[in-house]
Amino acid sequence: MSATAPGKETAGNPARRLVLAVIGLSLLLLLGTIGLVSRAALDAFEAEVRPELEKEAEVIGGTVAGPIQRALSLGIPFADLAGVEEFFGAVLSARPGVEYLVLTDAEGRIAHRAGPGAGRFVPPPEPLPQAGNAPVMRSLPDGYDAAHPLQAEGGTVGWLHVGLGRAGLDAAARDTRWDIAIVLLVSLLTTVELLRFVVERTVSTPLLLVHRMMRRLVAGDWTARAASTATDEAGRLAREINALVRRMNDRWRRLEWLAGEVSGASEEAARRARAILADIATRFRFSPDETAEERMPPGPALARLPLFLFVFAEQLSTSFIPLYSNELGGSSGVLAAVPITAFVAAVALATPYGGRLVARRGARDAILIGAVPAALGHLGSALAGSVAEFALARAVCGMGYAIVTIACQAHLAQIAQQGRLARSLGGFTGAVMTGALCGTAIGAVIADRIGYRATFVISVLLVLAVQFLAWRRLEAHGRSCRAGGSIWRDAGAAVRSPPFLALVLLAAIPAKVLLAGFIFYLAPIELQALGLSQAAIGRNVMLYALAMLPAIALGGWLSDKARCEVPLIWLAGIANGLGLLLPLVAPADLALPAAIALTGIAQGFAAAPMLALVPQIAAGPGAGPGAPVLLAFLRLGERLGSVAGPLVAAWLLLAGGASWAMLMLGLFSIVTAAAYALVQALGRSGATQEAGA
Amino acid sequence: MRAGRRRLLGASLAAPFLRCTPARAEARPYRILMLLFRGWEEACDGFRDYFAARRVAVDLMPRDVAQDLSRVPRLLEEAYDLRPDLVYLWGTSLTMAVLGPWDAPDPRRYLTGLPAVFNIVTDPVGNRIVRSRESPGRPVTGTEYIAPVEVQMRAMAAYRGFRRLATIFNPREQNSVLVVRRMGELAAAQGVELAELPVALGPGRRPDPDSIADRVGAAKRSGADWLYIPPDTFLNDHRHVLTRMALNAELPTFAATERFVTFAEGLAGLVSRYYSVGAFTAFKAEQILTGQRRPEDIPVESLTRFSFLVRMATARRLRVYPPVGLLRVAEPV
């Protein structure tokens, strides 16, 4: 999101406007193309489905007319047909698309009718033909009417009208339109992620390097050379600058040599030469061998892409893990939860160790190490022969997930430019959300086409790509913190830091309890109670992610701008709580989506400030075990909140119903947010008093 | 012509049992002593045709008691003399008379020591021919041919709803009495009135055919929506009189067995085709003869599908037409 965030850093990165233009133009082109293709696909859908509908009306008419015709040919008089309404009722309950079934006599008088649209039956404007036994089709404004002739003793004695509404067709078209919109969104988000990486790698970072070199030179610093290996224009420019630096350093050395030569001639000459050299040295600095290097500044997109790809790979299987478990375990519902639990538990347990690994070995090594269990886990999932094996593979995967995500997070914290910490860390949540959104949506489509096991193989390949990216493109730096000490000592230090403890207990955990309890548990149940289809429920829940993505960027920007992390966090908590109280004042079909969106916005606003606070706490007085370890404990707290959320929500739902559960969760959020604000205010006044004394 | 078509239909119904490969072709034919209650009929056809289709050589030895159970002791003697591979029994009364209760074996009065299959039998558990349907408790197995009474009542309701029912039956026939008792229980539970009208017993406690007219009149006067005819041999013998009288009284009849509709003027019935039941019984007999299973291990079963027969000529005369939905499954006669 940082690429689109406005701010005065625009001046700091000369390529920002260019990057924005390139991404904007690409998106516009992509949007146009996909829009046209989608339009064509929808038209094709209409063209395909319409004759199908006519055929369906004819087929249904045939099956319904059959027994009536049989009754007539067995000698039952038309007027004495029995049980017609019951028969129609049975057909209608099996065929929800049928609007009405109407039986008329030869003159068009209605004898029997049934169906939700029976009142909308319009008799044909002119009498239907009395000969032949082919059905007569009529196209009506909101559907089709197929009239089947019924014959007895050689003549037509009645007509069976089958009415099919467009409602079913329209619903299918609406679903298709939504599917296309989701695919469109996913391709846009993926494109932005990839473009951001490519542009940063090939354009903005080299330009930024050149820009920094220029600033050095302008400031008179001729000691460093640009470390660029690029062969494009930016690289050529860097090499020209390096040549210039070398020439100037050569001149300086020549000047020094000349001064030495001159110094031998006379005392006066020597004094003047020293004065000139001293004058130059006040304005310029040179290096005898230009060993210093101005390196490529590590951009946030460089760290985002591996994370995005990694989460993408992980989430490919989200939509079908329960189905795959059932397939392996012979469809016993309880077993389906085991692999999911194994994964969550492994992530929670491995997260603190991941933080220590990052602290000891640096982010790049940690990603390289963490990708191994992740890839093995996906491979194991692809080859699993039983639920137990699958659960084991998911647990291995969870260990890798814990290590890699915490490494990426720590990396983003390390490379954050001055004054951009929150935005850089917001990029973490953004990349995770985007990866999850895209991976889940595309995963379902891929699995549909190539099967569950093959989808896991794709995850393996993606994880290997992440490993390659980290190996080739990430700088091996940031062995920031002291190693040694046990994990328990780390935990003790984390617990003894009051600001950190307050952040975890009063902000991070409540936020995740709300997220998992409301978005992933209560909301789907309540939406289903409103009569929404599975797809519609999925779209509503996605609203959360869509609302969250821009909020993350905005929260990061605000936090960096105004240095207002703490107020942002507790304001978001209160807003989130108020959102859950919406069903008290508005009808559920409006309040629920609004509450979902508001939760996304509030959590988005708080995401970056929470992460940005951690390095500050780590650097603060009585420094604890270091930012990566604290980040790991923050993530552990969030995991615990995610596990507790659904349980709490389920318990509240059982105890007092859905509205009550939402009310309680909302109040919980408001109370914890207020407590957090209070604790922070007390801590600050305490610190001021201490400083005053 | 009609018999030919029926045989064809029966063969198609029996087809599921004929799917296996033909068993032994040569070797000594199996000897089956067939004890019949009222002569050779369609169930026996089905029994015989099954072995022919499977190319199992059998030597069928039919003996008819012509509804006279006093001939049973002589048949028992013959059975012990002949020592057949299997004894085939037709009908509830005859089967009870030949086999006796499963838990009171008496070689002098009842057949013991020979495997047996029974056919066209009502409620073999209630009549104590076997211990249970799953586990007969003696070297005897067989088939049932009557749809469960609740299923028959549902079938009646599907044709024509009812508040009152009437039934005529022979009080001397255990098969009828059990079915009528069961229907009485179900009717009471559903809040339906059931008029139970046993035919009168004449000299020698034999049922009196002349009382049928009076019972039909009583059924009509009770305001019954249906006259139910249980599986009853006496009524079967007088089915023409019974169904004609009901028709004249404008009383719809519903029968538990085939012949009241196919060979009389009954309106409807949910029945097993005798021919198919005979073939199914032969399927069980074959398992015993070829030694695949012991008869005490073979469960007593009925066919899983029944035929809903409707006699359209009767329906037209009564102007009581089957509902359109029912015509999807009903077999017009």
Side-chain angles (χ1 to χ4, degrees), chain A residues 59-95 98 100-106 109-115 118 133 135 146-153 156-162, chain B residues 2 5-6 9 151-164 190 224-227 243 247 250-255 261-262 264-271 305-333:
Chain A
V59 169
I60 294 175
T63 49
V64 178
I68 299 177
Q69 186 59 61
R70 183 141 184 256
L72 293 172
S73 45
L74 283 169
I76 301 177
F78 183 84
D80 286 335
L81 285 173
V84 176
E85 270 84 7
E86 291 88 337
F87 174 54
F88 281 179
V91 174
L92 287 164
S93 62
R95 302 262 193 174
V98 178
Y100 59 75
L101 293 168
V102 174
L103 192 63
T104 70
D105 64 9
R109 284 184 294 266
I110 295 175
H112 305 275
R113 64 178 168 189
N133 50 12
H148 289 252
L150 299 165
Q151 265 129 3
E153 289 152 6
T156 300
V157 294
W159 293 88
L160 171 72
H161 293 269
V162 178
Chain B
R2 156 163 279 177
R5 200 179 64 207
R6 202 174 62 239
L9 182 67
V151 178
Q152 293 190 59
M153 288 177 77
R154 275 207 299 277
M156 261 190 266
Y159 192 135
R160 185 174 195 241
F162 52 80
R163 301 297 311 156
R164 290 196 176 86
Q190 295 172 17
D225 300 299
W226 281 105
L227 172 61
T243 55
L247 184 54
E250 298 193 329
L251 197 55
T253 44
F254 193 95
V261 186
T262 45
E265 287 173 276
L267 174 59
L270 188 70
V271 305
R305 284 178 170 219
F306 299 95
S307 300
F308 200 133
L309 303 182
V310 178
R311 188 163 196 87
M312 286 311 296
T314 304
R316 279 194 294 274
R317 273 200 50 196
L318 289 171
R319 293 180 64 84
V320 174
Y321 298 107
V324 172
L326 190 60
L327 283 173
R328 283 187 296 182
V329 290
E331 294 175 29
V333 177

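Nothing here was measured: the structure is a model prediction, and the numbers come from that model.
- No part of B/Ala315 comes within reach of chain A, as not one of its non-hydrogen atoms sits under 4.5 angstrom from that chain.
- Within the 4.5 angstrom heavy-atom criterion, only side-chain atoms of B/Arg319, from C-beta onward, approach chain A.
- With hydrogens and angles ignored, the 3.5 Å screen pairs no side-chain donor or acceptor of B/Thr314 with any backbone N or O of B/Leu267.
- Options A/Gly75, A/Gly83, A/Ala82 differ in how many heavy-atom pairs under 4.5 Å they form with chain B, and the most are formed by A/Ala82.
- Note: B/Tyr159 and B/Phe308 have tilted aromatic rings, judged against thresholds of 30 and 60 degrees for the angle between ring planes.
- Ranked by non-hydrogen atom pairs under 4.5 Å with chain B, the options A/Asp80, A/Val64, A/Val91 are led by A/Asp80.
- With hydrogens and angles ignored, the 3.5 Å screen pairs a side-chain donor or acceptor of B/Arg311 with a backbone N or O of B/Val261.
- Between the side chain of B/Trp226 and the backbone N or O of B/Met153 there is no donor-acceptor pair closer than 3.5 Å.
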